Each structure stands twice: as C-alpha cells, then as structure tokens.
Amino acid sequence: MKILTLYYSATGNTEKIADVITKKLRELGADAERKDITPYNTRQNEIDLSPYDAVIFGFPVYSWRAPREAREWLYTLDGRNMKCSMFFTYGGFIIHPAHYSTQQILEKQGFTVVSSAEFLARHTFNLGGWKAMEDRPNGSDCEVAEEYAERTYRRFTGEDNGILQDLEKTEYTEEFLDEIEKFRFKILTQLPTREGAECSLCGICEESCPSGAMDAETGEADPEKCTACLACVSKCPEDALKINDMKGSWEYKLNIENISVDEMNKKKSRIYL
Ligand SMILES: Cc1cc2nc3c(=O)[nH]c(=O)nc-3n(C[C@H](O)[C@H](O)[C@H](O)COP(=O)(O)O)c2cc1C
Ligand code: SF4
Ligand code: SF4
C-alpha cells in the first residue's frame with residue numbers, strides 16, 4: 001500500500017511527527033513517502049495523488065484551525081473517494097475546531113477521513129518569549145504518533161473498516177474563526193524584522209516562507225501576506241530575523257485562556273477514530 005504524508009511545518013514540530021509516522025508506516029510494511037508542502041512554491045503546482053492508495057495530512061494549528069494557506073491549498077485537491085487521515089500539532093491552547101474544519105474541507109474535496117490526531121508541541125511564539133510546551137513533542141507524544149500510524153494503517157488497508165466518528169461538531173462558524181485569525185496581529189505578534197542585523201543574503205527566509213510574504217533582500221515581510229508562522233525567524237542561519245518580544249503577552253494569554261502552565265503540561269496527545 002502506497003501512502004503519502006503531506007505536511008506543513010514552519011518550525012519543525014509537525015515535520016517531527018510526520019517523520020515518526022512515516023517510519024512506523026514503513027515498519028508496518030507500507031510504501032510510505034512524505035512531502036513538505038510548507039514553502040510557497042511547493043503548493044503552486046498540482047500534486048498528483050493518483051499513484052497513492054491513501055494520504056495523511058499534517059498541519060500545525062494556527063488560531064484554532066489549520067493555517068490559512070494550507071486550507072486554501074486543500075481546496076485545490078481532488079480526493080476521488082480516497083481514504084485519508086489528518087493530524088495536528090499545537091501549542092497547548094485551543095485545537096478542537098481545527099479537526100472539524102479540516103474534516104469538512106477534506107470531505108468536500110471528496111476524501112473519506114478515517115482518523116485524526118493531535119500532538120502537543122512547542123509553541124511557535126516561544127521564539128518571542130512564551131513558555132508553552134517547551135519540551136514537546138516528547139517520547140510519550142511520539143508513542144501516540146506510532147499508535148496513530150498503526151490504527152490509521154489498519155483503516156487504510158480495510159483490516160478495520162471504520163471511519164472517523166469521534167469528532168464533535170464545533171460550535172464556531174468559519175466567519176467567527178476568520179475573526180479569531182485576524183485578532184492575532186492586533187494583539188500578539190508584529191511582523192518579523194531584520195532591523196539592520198548582519199545578513200548574508202542567502203535567501204533561505206524567502207524560500208521557506210509559506211505565504212510568499214518575505215523579501216530576503218530587504219528583510220521585510222508583506223503585512224497583507226505574513227501569517228506570523230516564524231519559519232523565516234527559525235530558519236535564518238545568521239539568526240538575523242527577530243519577532244517582537246512577546247514575554248508581556250504570555251501572562252495575558254494564560255489569563256484569557258484561563259489555564260496554568262501546570263495544567264497545560266498535563267495535556268496529552270490523542271487519537272480520534
Ligand atoms: C500564527 C500562529 C497561531 C497559533 N495558534 C495556535 C492555537 O490556536 N492553539 C495552539 O494551541 N497553538 C497555536 N499555535 C502554536 C502552533 O500550533 C504549534 O507551535 C505548532 O506545533 C507549530 O508547528 P510547526 O513547528 O510544525 O510549524 C500557533 C502558532 C502560530 C505561529
Ligand atoms: S535567511 Fe537570514 S541571512 Fe539569509 S537572507 Fe534571510 S535574513 Fe538574510
Ligand atoms: S514572513 Fe511571515 S509568513 Fe513568511 S516565513 Fe516569515 S513569519 Fe512566516
């Protein structure tokens with residue numbers, strides 16, 4: 001059975017889980033491949049899914065859903081009744097709408113969604129001073145990823161005939177979630193900036209930017225396109241790009257989410273069947 005894992009990962013968490021899943025699928029006997037669809041250019045040409053028997057989609061959660069560019073890209077795919085699964089990495093805050101909203105898109109595109117999973121992972125905004133899920137994904141999260149790969153494989157092969165049932169419908173509309181997405185820039189993040197730091201003009205920030213927002217020459221991000229994914233900040237080999245200091249918003253975030261660091265750290269990765 002040929003399985004393709006397509007993943008979007010700006011700072012490496014989702015890629016790490018995709019690696020664990022791919023390795024496990026191979027151990028189980030699958031012909032498993034993985035493809036990174038994070039850089040803008042990788043999503044400009046149609047991806048031919050016809051050589052594959054099943055697909056797994058892996059995304060980080062951005063403002064309660066899969067990233068905007070990833071959602072837009074999903075609408076370009078033709079599922080042809082193919083079985084698929086999805087998984088998410090998230091920084092310990094709200095995740096549930098991501099499962100439901102992505103399932104809706106995949107089903108609309110003709111896929112049959114057989115399972116889903118969520119994995120705790122270092123929050124991207126730790127790059128600006130937050131302290132969420134600093135040591136995740138850890139060994140236990142990776143064990144859940146292996147179990148997810150195994151359960152999903154059984155559904156792909158038909159040994160288990162089930163499809164995804166566990167998800168509750170989210171009470172949030174897509175319009176409300178669009179507003180949540182805009183809120184991030186109003187209150188938490190500013191645009192990444194080089195602010196005169198030394199730069200070798202290697203171009204990595206521009207190549208790795210998922211939304212085509214970064215201009216390596218100027219070191220400026222287009223405010224209309226930038227999603228604050230921080231791929232450019234985390235991948236710059238000169239450590240030249242920075243995000244604003246977000247230490248001040250960390251306590252604020254814990255307060256509005258009404259959660260403590262201890263409570264967050266107790267959260268566990270989980271599988272939905
Ligand atoms: C713009 C943005 C929005 C985010 N929104 C959420 C969120 O709503 N809930 C959450 O728990 N984590 C959120 N995160 C944290 C990421 O989901 C988490 O760090 C993820 O593992 C990043 O994956 P990556 O390393 O593969 O890019 C957000 C991160 C970014 C950059
Ligand atoms: S990745 Fe860093 S060093 Fe390379 S062009 Fe961008 S800012 Fe300059
Ligand atoms: S410019 Fe914005 S969207 Fe592009 S990589 Fe940097 S943070 Fe992400």
Side-chain angles (χ1 to χ4, degrees), residues 7-19 36-40 58-70 87-99 101 118-128 130-134 136-137 141 172 177 180-185 187-244 246 249 253-254 256-257 259 264 267 269:
Y7 68 92
Y8 176 114
S9 185
T11 65
N13 296 334
T14 314
E15 181 169 64
K16 181 172 176 182
I17 297 294
D19 282 347
D36 182 5
I37 54 120
T38 322
Y40 180 77
F59 302 121
V61 171
Y62 286 0
S63 304
W64 308 7
R65 284 183 293 187
R68 186 185 62 209
E69 315 87 64
F87 74 89
F88 302 89
T89 66
Y90 75 118
F93 292 109
I94 292 177
I95 172 151
H96 186 75
H99 292 276
S101 125
E118 63 195 34
F119 301 97
L120 276 315
R122 199 177 53 241
H123 200 296
T124 314
F125 295 163
N126 291 5
L127 286 167
W130 283 19
K131 302 210 168 297
M133 299 292 151
E134 288 184 299
R136 311 290 282 271
D141 300 309
Y172 305 112
L177 294 169
I180 294 284
E181 209 161 62
K182 288 182 204 146
F183 177 73
R184 167 200 323 158
F185 276 113
I187 201 99
L188 299 176
T189 48
Q190 291 162 16
L191 295 171
T193 166
R194 202 153 66 200
E195 272 182 359
E198 237 169 81
C199 158
S200 60
L201 288 179
C202 67
I204 289 174
C205 52
E206 189 172 316
E207 281 159 31
S208 57
C209 175
S211 59
M214 177 50 73
D215 181 341
E217 216 162 292
T218 61
E220 300 291 331
D222 180 338
E224 296 301 317
K225 293 182 182 165
C226 178
T227 54
C229 73
L230 306 195
C232 56
V233 174
S234 74
K235 293 194 163 81
C236 171
E238 309 287 334
D239 207 16
L241 285 163
K242 298 277 180 256
I243 192 68
N244 55 301
M246 295 172 70
S249 62
K253 177 71 177 173
L254 291 172
I256 54 167
E257 300 284 345
I259 193 165
M264 281 182 76
K267 289 195 180 188
S269 296

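Counting starts at 1 for both ligands and their atoms, following the listed order. Since the structure is predicted, the reported quantities are computational estimates derived from the model, not experimental observations.
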Determine whether more than 12 heavy atoms belonging to other residues, nucleotides or ligands lie under 6.0 Å from atom CZ of Phe93. yes
Using heavy-atom distances only, which candidate in His96, Arg122, Arg65 approaches atom 18 (C) of ligand 1 most closely? Arg122
In terms of its nearest heavy atom to atom 14 (N) of ligand 1, the top option of Thr124, Ile94, Val61, Thr89 is Val61
[X] neighbourhood, listing ligand 1 atoms whose heavy-atom distance to it stays under 4.0 Å:
X      : value
Thr227 : 1 (C)
Ala10  : 24 (P), 26 (O), 27 (O)
Ala121 : 21 (O)
Phe93  : 9 (N), 10 (C), 11 (O)

Atom indices of ligand 3 within 4.0 angstrom of [X] heavy atoms, with elements:
X      : result
Leu230 : 7 (S), 8 (Fe)
Pro192 : 6 (Fe), 7 (S)
Met214 : 1 (S)
Pro210 : 5 (S)

Do the side chain of Asn13 and the main chain of Ala121 share a donor and acceptor less than 3.5 angstrom apart? no
Lys235 side chain to Ala10 main-chain N or O, any donor-acceptor pair under 3.5 Å? yes
With a heavy-atom distance limit of 4.0 Å, tell me whether Ala228 approaches ligand 3 through its side chain, its backbone, both, or neither. backbone
Proximity of Ser211 to ligand 3 by residue part, where a heavy atom lies under 4.0 Å: side chain
Less than 3.5 Å between some nitrogen or oxygen of Gly92 and one of ligand 1, yes or no? yes
Considering heavy atoms of the protein only, find what lies nearest to [atom] and give residue, atom and distance to 0.1 Å.
atom                    : result
atom 8 (Fe) of ligand 3 : Cys229 SG, 2.4 Å
atom 1 (S) of ligand 3  : Ala221 CB, 3.6 Å
atom 2 (Fe) of ligand 3 : Cys226 SG, 2.3 Å
atom 4 (Fe) of ligand 3 : Cys209 SG, 2.3 Å

For atom 2 (Fe) of ligand 2, state how many protein N, O or S atoms fall inside a distance shorter than 2.8 Å. 1
So for Phe125, does at least one of its heavy atoms come nearer than 4.0 angstrom to any atom of ligand 1? yes
Specify side chain, backbone, both or neither for Leu230, according to which of its non-hydrogen atoms lie closer than 4.0 Å to ligand 1. neither
Should the proximity of Met133 to ligand 1, defined as any heavy atom under 4.0 Å, be assigned to the side chain, the backbone, both, or neither? neither
